[in-house]
K.L.:
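This is the structure, below, for whatever I ask next.
Just so you know, these numbers use all the heavy atoms, side chains as well, and skip hydrogens, waters and symmetry mates. Heads up: numbering here begins at 1 and tracks the sequence. Here the structure is a predicted model, which is why all the values come from computation and not from measurement.
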Amino acid sequence: MDSSQDPNKSTQPLLSHLYPRLDPSPTASTSEPDDDQTQYFQISYNYGPRSIKDIPFLIVFSLLVLCTFGFGIFASVHRNPHHNQASAFVYNATSSSCTLLRDHNPISSIPSKSNLFSSSSENFSFSDNPTSLNSLKLSLSKRMIGNSSFSVKPLSLTSSEAGVFNGFMENLSFLNNSTSLYFSKSSLLKNLIWVLVITLVLSVPFVLVVLLLLKHYTKQIVYASLPFFVAVPVFINVYWFVACTVSSSCRDTFPLAYRILVLVFVFLIIGVIVWIFIVNWHRIELTVSIIGVASDALSKNLGLFGVLPALTLSLFVYYAPIVVFLILARLNGKVVPKEKHGECYCVWKQDSWVPAYYTLAILTMLWSATAMVEAQVYVISGTIAQWYFSKDDIGPKRGIRSSLRNAFGPSSGTICLSGLLMCIVRVIRSMVDNARQEDRPGIVNLVLRCCVNTLLSAVDFLNKFTINFAAITGEAYFTSARMTYELLKRNLLSTVFVETVSTRILTGIIFVLSAIYAILVCVILKAAIHLGVEAYLISLMAWVLLFVILGFFVRVLDDVIETVYVCYAIDRDRGEVCKQGVHEVYVHLPISRNHNHRVGFVDRTPLIV
C-alpha cells in the first residue's frame, strides 16, 4: 500500500467499498417493516444451545420406525413353522379344515443308499458269453511295481455290460467338463475379489491424493483432464470398432453398417461435449478457483472422511433387522382348504396384513435413506461453516462432534422433514419416469409430466441450500428455506452456476481417473496373470467400484461448495470478511438475473485488497 494514502482507510471494512448501501428512500422504508430490513443482518453460525425444531415430523418418523420394528418382532415370533409343508396337510371333511399328518416324514420317501445300489444292480444282468459286436477290449500296458510285473488280460463284455460302461464314461466326461467349468468360474471369482479388495484399499489414499492435488494444483488438474474428456471416449470408441472388426464372432453379429453407425453416433456425442466446453470456456477459470477453495476447506476437515462412511455403515446396520423382519414376515399365514373342480386340497395362505407391513417397512427404509443423506449434508455444512466463521484457519477442534450433536439432536426434526420431501420427490420422479417409458400418447399426459417436473425442480431448488442454512443457524426447515431465498435474493446471487459447471467438471475428472485405473488393471491382468476376456470384466468392475467411491468424494465436495457459497452470502449480507481467499474467488460469481435490483445494493466490483 502506498504510504501517501490515508492510513484510516486500512481500518475500514473491505466490503464497505464493495457493497455500498444507499440510504433507503421514504417509499422503500414505508413499504417494508423495519424488522424485515434488519432481521437478516445478524445471520451467523449459532454456537449456542439450539431449540428443537420441526418436532411433529420427528414424532411421525419415530412412530414409523417403532411400528416397523414392533410389527417385525411380532412377525418373527408368530411365524408359522409349517409354511413349506402344505403337502403334509390333508383336508378333513368333518371339521372342514386342514390337518397335519403326524407320521409324515418327507425324508422317508428318499431311498437309502443300499436300496438304491441293490435296485441299480438288479436292472443289469451280466452274461458269461461274450459277443463279438459289442465286446470292449481293454489293453493295459505292463507296469513295473518294484521288481515285479503283472499283465492284465483283455476283457470281453456283453452288450448290457458295454452299455453300462459307455454310460459311465459319458457321465465321467460330463463330470470332467463340469469340474473344469467350476474351476474356471472359481478362478474368475477369486481374481475379481482380489482386484476389488485391492481397489477398495487403494481408494482411501487415492481420494486423499486427489484432494491434495485439487487443493494445490487445481488449475493443472482441470486443464490436464479436459483433453481426456475427449480422448478417453475416442479411444474406447475406436478400440471397440477395431476389436469388433478383427473378431469373427463380433463381426458376424454386428454387420459393418451397424458398426459404422455406432462409431459415427459416438463421435457425434463427443462433438457435443467439445461444443459444450467451447461455449462454457469463459466459466472454466472461475470454476477452477471455486474447486480449489472447496478443496482447501475440505482438507482442513479431513475427519469428515471418517464420519460420513461411518454414518453410511450405520444405515446398513439399521437396515439389517428390517430385512430380516421382511423375510420372516412372509412366513406368517396358515394352511387353508381350497376347492378346485369339486375337490378340496390344502394350500398356504399368507396373512392379509403382510403386504401392508411390506409397504410400511419399505417406506421406512426409503425415508431413512433420504434422511441419512440429509444428515450427512447437515454434518458437512455445520463443520465447514464453523471453519469458515472461525478466526483462525484451522477451525474449532470439536466442529464435527458439534455438528453431529446438532444433527441428531435439536435439528433431527428438520432432517426428517427434509428427508421426507426428498423421498416424495424420488418416488414421484420414479413414477414419472415409468410413465415416460410406457410412452402413453395424449397431450394431457404430456402437460401433466411437464407440471410434475416443474414442481419437482422447484422442490429441489427449495431444498438445495435449506439444509446448509439450517446447519448454520439451527432454524426450522421452512424458516431456513425462506431466509435462504431472501438472503440470495438480496445479494443477487445465482445458484445454478455453481452446481452445474463445478459438478460436471468434477464428474469428468473422476471418470478420467477411474478409467485410467481400469486400463492399468486390465494391462496388469493380461501381462501378469494371462487372463483373456475375463480381464475386461474384472477391469470394468474395478472401474465401477472406484468411480462410485470417487463419486461419493465429489458429492462431499459439492456440499462443501454450496456451504461456502451460503457462508459467503452471509458475509456479504453483513458486510464482513471471514475468509479473504473465499471472497477473492466468489466475488466474481455472476449476478442472478432472476431478481430485480433492490434499493441499498449496487453492482459488485472485484475485490481490491
Side-chain angles (χ1 to χ4, degrees), residues 36 39-40 42-46 50-58 60-61 294 311 367-386 388-389 403-404 406-429 454-500 502-503 555-573 592 594-595:
D36 184 66
Q39 62 177 336
Y40 297 106
Q42 304 301 322
I43 297 176
S44 183
Y45 187 85
N46 185 5
R50 302 183 179 185
S51 58
I52 301 178
K53 303 293 184 180
D54 299 310
I55 299 178
F57 298 96
L58 176 60
V60 172
F61 179 77
L311 291 177
W367 192 357
S368 301
T370 53
M372 179 57 70
V373 172
E374 298 303 319
Q376 291 179 346
V377 175
Y378 187 100
V379 172
I380 295 172
S381 303
T383 304
I384 298 300
Q386 291 182 69
Y388 183 91
F389 291 109
S403 299
L404 286 171
N406 293 329
F408 296 97
S411 297
S412 55
T414 303
I415 292 175
C416 291
L417 174 55
S418 178
L420 177 61
L421 293 177
M422 291 299 100
C423 181
I424 295 174
V425 168
R426 299 295 184 270
V427 172
I428 297 178
R429 184 160 289 168
T454 303
L455 178 61
L456 296 181
S457 301
V459 175
D460 283 337
F461 174 80
L462 174 69
N463 190 74
K464 182 174 179 59
F465 294 106
T466 300
I467 288 296
N468 303 126
F469 196 89
I472 296 173
T473 61
E475 295 292 338
Y477 183 86
F478 292 108
T479 303
S480 299
R482 180 177 60 86
M483 294 177 68
T484 305
Y485 174 77
E486 290 294 333
L487 175 68
L488 298 178
K489 179 180 179 181
R490 284 198 316 276
N491 292 275
L492 307 177
L493 297 178
S494 174
T495 60
V496 179
F497 171 80
V498 178
E499 177 189 13
T500 56
S502 60
T503 303
R555 185 179 72 83
V556 174
L557 201 59
D558 278 339
D559 294 334
V560 173
I561 291 175
E562 294 172 0
T563 304
V564 174
Y565 190 63
V566 174
C567 294
Y568 162 75
I570 294 174
D571 254 6
R572 172 177 162 81
D573 199 58
S592 176
N594 298 327
H595 308 302

K.L.:
Do Ser411 and Asn406 have side-chain atoms, one donor and one acceptor, less than 3.5 Å apart?
P.N.:
no
K.L.:
Can a side-chain donor-acceptor contact be found between Tyr565 and Asn468 if the only test is distance below 3.5 angstrom?
P.N.:
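Not at all, the side chains of Asn468 and Tyr565 share no donor-acceptor pair under 3.5 Å.
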K.L.:
Could you check Ile424 against Val427 for side chain to side chain contact (heavy atoms under 4.5 Å, CB included), going step by step and ending with a plain yes or no?
P.N.:
CA-CA 5 Å; Ile424 295 174; Val427 172; 5.9 Å; no
K.L.:
Can you tell me how far NZ of Lys53 sits from SG of Cys416, rounded to the nearest 0.5 angstrom?
P.N.:
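Going from SG on Cys416 over to NZ on Lys53, the span is 16.0 Å.
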K.L.:
Taking all non-hydrogen atoms of both residues into account, name the closest pair between Ser51 and Pro410 and its distance.
P.N.:
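Smallest interatomic distance, heavy atoms only, reads O-CB, 3.6 Å.
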K.L.:
Apply side chain to side chain contact (heavy atoms under 4.5 Å, CB included) to Met483 and Ile43, showing your working.
P.N.:
CA-CA 10 Å; Met483 294 177 68; Ile43 297 176; 4.1 Å; yes
K.L.:
How close do Glu374 and Ile415 get, counting heavy atoms only, and between which atoms?
P.N.:
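Looking at all heavy atoms of both residues, the closest pair is CB-CG2, 4.1 Å.
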K.L.:
Distance from Tyr388 atom OH to Ile570 atom CD1, nearest 0.5 Å?
P.N.:
8.5 Å
K.L.:
Within this structure, what is the OG1-CZ distance for the pair Thr370 and Arg426, rounded to the nearest 0.5 Å?
P.N.:
8.0 Å
K.L.:
Test side chain to side chain contact (heavy atoms under 4.5 Å, CB included) on Tyr477 and Leu421; report intermediate values, then the result.
P.N.:
CA-CA 11 Å; Tyr477 183 86; Leu421 293 177; 3.5 Å; yes
K.L.:
With side-chain contact (heavy atoms from CB on, under 4.5 Å) as the test, pick out the partner of Thr563 among Ile384, Val377, Thr383, Ile467.
P.N.:
Ile384
K.L.:
Where the side chain of Asp54 meets the backbone of Leu417, is there a donor-acceptor pair that is under 3.5 Å apart?
P.N.:
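Answer holds: no.
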K.L.:
Distance from Tyr45 atom OH to Gln386 atom CD, nearest 0.5 Å?
P.N.:
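It comes to 3.5 Å.
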K.L.:
Set out, in order, the CA-CA distance, both residues' side-chain angles and the distance that settles side chain to side chain contact (heavy atoms under 4.5 Å, CB included) for Arg555 and Asp558, then state yes or no.
P.N.:
CA-CA 5 Å; Arg555 185 179 72 83; Asp558 278 339; 5.6 Å; no
K.L.:
Output the distance between atom CZ (Phe465) and atom OG1 (Thr484), rounded to the nearest 0.5 Å.
P.N.:
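Those atoms lie 9.0 Å apart.
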K.L.:
Would you compute the distance between atom OH of Tyr378 and atom CZ of Phe408 and round it to the nearest 0.5 angstrom?
P.N.:
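Between atom OH of Tyr378 and atom CZ of Phe408 there are 10.5 Å.
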